[in-house]
Amino acid sequence: MGDQDLPGVLVSGLEGSYGICEDHVGDLQKHFNLITLQEFLENKTQFGPKIQAVYIWGGRPAIDQELLGSLPSLKIIASAGVGLDHLDLKLIASFGVKVANTPQAVSNPTADMGMALLLAAARRVVEGHMLASAPDTETFSTNWVGQEVTGATLGLIGMGSIGYKIAQRAKAFEMKVLYHNRRRRKLEEEEAVGATYCESLDDLLQRSDFVLLAVSLTPQTQRLIGKRELSLMKPTAILINIGRGLLVDQDALMEALQTGIIKGAALDVTYPEPLPRDHPLLKLSNVVLTPHLGSATHQARRRMMENLVQSILASVSGLPVPNEVLLK
Ligand SMILES: O=C(O)[C@H](O)CO
């Protein structure tokens, strides 16, 4: 398929939830000869040597040793989004292959989503919607009070570009912002958003009305929030997760939500995704769930695609690769 002279790019599929963003197929085909995973698997000898890049959308296709070993011309893995937890960076580097992602493209919409979830959980927007949709029930009363956001303390775990943009938004809501991060931000950056560094995560958890996870998933951050951490939070506090599901011990969270250890949670990410229909989290009224919508805006998706195209074109031409991820 496509123009045989263009660089060959492996994609998971072309349509639907297992494929790349449908609207982008035409644009990508202007630059690349797109080869789907199925086509490649059906004829590795024909397609393998032509593939110079893998285009990862929604975490697919999965990259493993076998795939890397069967793509002798591969130069780059170009992954949509900022998170890299689906990639084994050391393994990929050992094949002499570069990695690029799209951090700037997703930071604003993901920060917006963080605030949307915070507000929805605080002001019980989803419960309110359900109530307003069934106004004849007796529960239509003035009891549906929530937590005030203005003036409340937000504890941000993670102060990368998404965390920082959330702090900017929180400032507009007159929130007090605490943050915990591997590295402290420069003083002028802290001052610009009115954020206070908390070296101790426990301290942040104890002081916050809202705790928001905007940190990458790594072996160090896996289950960062477990039973002990939840027990440090205020009983009125709300946990928001826009990072990755595995940052939180989901069983401990379930228990904390059921027993009133914390007030509520708003989760854009879970494990697995999506949750099975009978999952107990889906039955709790103090949980707001969205299906990993952080970067899901038309504008962000277009920016992600454009960034990935630039990175792939640069790498196949031997030029410096925009948004290259360097091994630390
Ligand atoms: O990593 C990201 O940018 C988002 O989670 C989208 O996958």
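Keep in mind that this is a model prediction, so the values were computed, not measured. Atoms within a ligand are numbered from 1 in the order they appear, just like the ligands themselves.
- Those atoms of ligand 1 with a heavy atom of R244 less than 4.0 angstrom away are 1 (O), 2 (C), 5 (O).
- H279 NE2: more than 12 foreign heavy atoms inside a 6.0 Å radius.
- Taking only non-hydrogen atoms, the option from G83, A80, G59 nearest to atom 1 (O) of ligand 1 is G83.
- Nearest protein heavy-atom contact of atom 7 (O) of ligand 1 is H292 NE2, 3.7 Å.
- In terms of protein heavy-atom proximity, atom 3 (O) of ligand 1 is closest to V82 N, 2.7 Å.
- The contact set between ligand 1 and G81, taken as ligand atoms under 4.0 Å from a residue heavy atom, comprises 2 (C), 3 (O).
- Judged purely by distance below 3.5 Å, without hydrogens or angles, the side chains of S79 and N101 never pair a donor atom with an acceptor atom.
- S317 places no side-chain N or O within 3.5 Å of a backbone atom of L319 that could act as its donor or acceptor partner.
- At distances below 3.5 Å, not a single donor-acceptor pair connects side-chain atoms of E324 with backbone N or O atoms of K98.
- Both the sub-6.0 Å distance and the 45° axial angle are not jointly satisfied by R185 relative to the ring of Y179.
- Looking at atom 6 (C) of ligand 1, its nearest protein heavy atom turns out to be S295 OG, 3.5 Å.
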